[in-house]
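Worksheet: the structure to be examined is printed underneath.
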Amino acid sequence: LFCNDWYTNTHPECKNSSIEPLIYYLHFGYTSTNPNPYFDSLWYINTYKDVKEKHLNPLVHYILFGAKEGRNPSPYFNTNWYLGEYSDVKESSQNPLAHFLTYGSKEGRNPNPYFNTKWYKNTYPDIESTGIEPLLHYMTIGWHEGKNPSPYFNAKWYLNRYADVREQKIDPLVHYMFNGCKEGRDPNPLFNSKWYVKKYPEVLDRDQDPLLNYINSWASELKNPNEFFDTEWYLTLYPDVKELGIDPLIHYLIQGMDEGKNPCPSFNTNWYLEEYQDVRDSGINPLEHYIHYGHSEGRRTAPDLSVKINIRHGHPVGILHTPHTKYVADQIATSLKKFSINSFLLSQQPEEYYDETVYFVICPQIFSSLPKNYIAYQLEQTTNQRWFDFKYYSILENSLAILDYSTENIEYLRNELKIQNRQIYYVPVDYIRNYDQQINDQDEIYDVLFYGDPHCDRRHTILSQLNQFFDVKII
């Protein structure tokens with residue numbers, strides 16, 4: 001734990017002395033100099049008053065007693081945490097700091113719960129060319145450059161938000177670890193410490209840092225980092241994130257926002273950026289903007305679904321349907337006619353563009369483009385969730401209303417996808433009186449009549465086999 005070359009280079013007074021660097025440190029330098037860049041002598045003395053009162057050499061004390069007692073060599077290395085996290089080090093009885101310097105950092109181990117060695121190296125590949133160990137780089141260079149110690153702590157944001165920390169010209173991470181977390185300060189723009197403690201009061205009972213509690217329990221307890229981010233909902237709606245096994249908050253910060261993913265049912269990422277050009281131009285994360293600015297400014301987070309569409313008598317309404325859902329389209333048209341509302345049917349989307357009228361769209365996920373104002377008729381069975389991906393969720397969420405024939409489906413939309421109740425309506429498929437008179441008589445005879453969507457692999461295979469031996473008609 002004493003680096004002879006480093007000590008000599010950083011303390012030129014030793015070069016002019018006939019005393020060996022180690023001897024010089026042990027007898028004279030221990031109150032004002034460090035034996036290596038990871039051991040802070042003055043910090044150790046001031047932190048542990050018994051060491052100071054007895055005028056003990058901090059390095060000697062740490063080697064003989066301090067490490068076993070769970071004391072830390074500097075604010076950047078957490079002895080007890082390191083031994084608890086890496087049981088092999090504890091079982092080996094090695095000095096934890098010595099292990100980290102010799103093996104741990106090279107193996108990608110972390111010196112404390114706030115610094116992620118592998119993440120730092122991967123996020124800032126330029127440091128490899130410097131030859132500087134990741135933690136040392138952050139301590140001496142990184143935080144000055146605005147680099148982050150992990151995806152959970154935003155150094156530049158923390159300094160911009162808390163002027164008193166900025167004025168002290170200290171590492172924001174150190175301030176957060178020893179003061180900020182106790183004061184209810186936020187480590188990043190999407191983690192609300194005070195809200196978290198209020199939401200999960202057991203954190204106070206355990207005397208834990210809210211951020212560490214979240215990091216350690218989001219997966220097992222599905223806790224939320226702020227009131228606008230729903231962890232369980234995010235994992236349910238985006239199974240690809242669940243398969244990755246990473247914190248949904250970090251996923252949203254790093255890539256989810258760019259993919260147009262939503263942090264909760266009531267916040268529409270793409271819509272917020274499209275609606276507010278100043279947010280889009282600023283490059284700020286839209287949820288961050290809303291939490292810190294948009295909410296107090298009264299900005300909306302999604303389209304206003306309460307808007308009333310004025311359907312005038314005599315002004316036709318469009319009904320866009322697939323060939324196999326024409327009966328449902330006819331039922332809608334029949335119902336509209338009872339209220340003197342005319343309609344026109346389309347079995348495929350227009351080649352150029354939709355007009356400004358309101359459309360009922362049956363099976364909207366089938367179409368590559370949709371009208372500006374549409375009411376979705378949802379016909380998929382939630383027992384088979386192959387259609388219920390993020391794209392389909394967005395289609396449903398952005399509709400003026402959702403019609404569904406099944407109460408079981410509606411429960412899924414409400415409870416699993418968290419779509420607003422006011423947007424969903426139960427509209428069962430019903431009988432149309434004298435419907436047979438609307439059908440053109442045709443003398444066509446088929447062996448097999450298939451009514452449904454033939455595009456999934458299983459159905460396509462079955463229909464292809466049947467076509468080899470029978471005359472098949474797909475409706």
Aromatic contact between [X] and [Y], with the criterion being ring centroids under 6.0 Å apart: yes or no?
X	Y	answer
F228	H295	yes
F229	W218	no
Y158	F153	yes
Y374	Y354	no

Any donor-acceptor pair under 3.5 Å linking the side chain of [X] with the backbone of [Y]?
X	Y	result
T301	S266	yes
D389	Y392	yes
Y114	Y152	no
S406	Q381	no
D471	Y446	no
N409	T382	yes
Q423	S399	yes
Q465	T461	no
Y276	R300	yes
N226	L190	yes

Polar contact flag, side-chain donor to acceptor under 3.5 angstrom, [X]-[Y]:
X	Y	answer
S217	Y200	no
H251	Y234	yes
E397	N268	yes
E259	Y238	no
H175	Y162	no
Q349	S369	yes

Do [X] and [Y] have side chains that approach each other closer than 4.5 Å (heavy atoms only, starting at C-beta)?
X	Y	value
Y76	D171	yes
F450	L466	no
S347	K326	no

Of N415, I419, D404, the residue whose pairing with I410 passes side-chain contact (heavy atoms from CB on, under 4.5 Å):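 Testing each of N415, I419, D404 against I410, the sole residue satisfying side-chain contact (heavy atoms from CB on, under 4.5 Å) is D404.
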Verdict with supporting geometry, Y293 and R299, side-chain contact (heavy atoms from CB on, under 4.5 Å): CA-CA 9 Å; Y293 309 103; R299 304 202 191 200; over 6 Å; no
Aromatic ring pairing Y82/F77, orientation class (parallel under 30°, perpendicular over 60°, tilted between):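 Judged by the thresholds at 30° and 60°, the geometry between Y82 and F77 is tilted.
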Aromatic ring pairing Y196/F191, orientation class (parallel under 30°, perpendicular over 60°, tilted between):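 Answer is tilted, since the angle falls between 30° and 60°.
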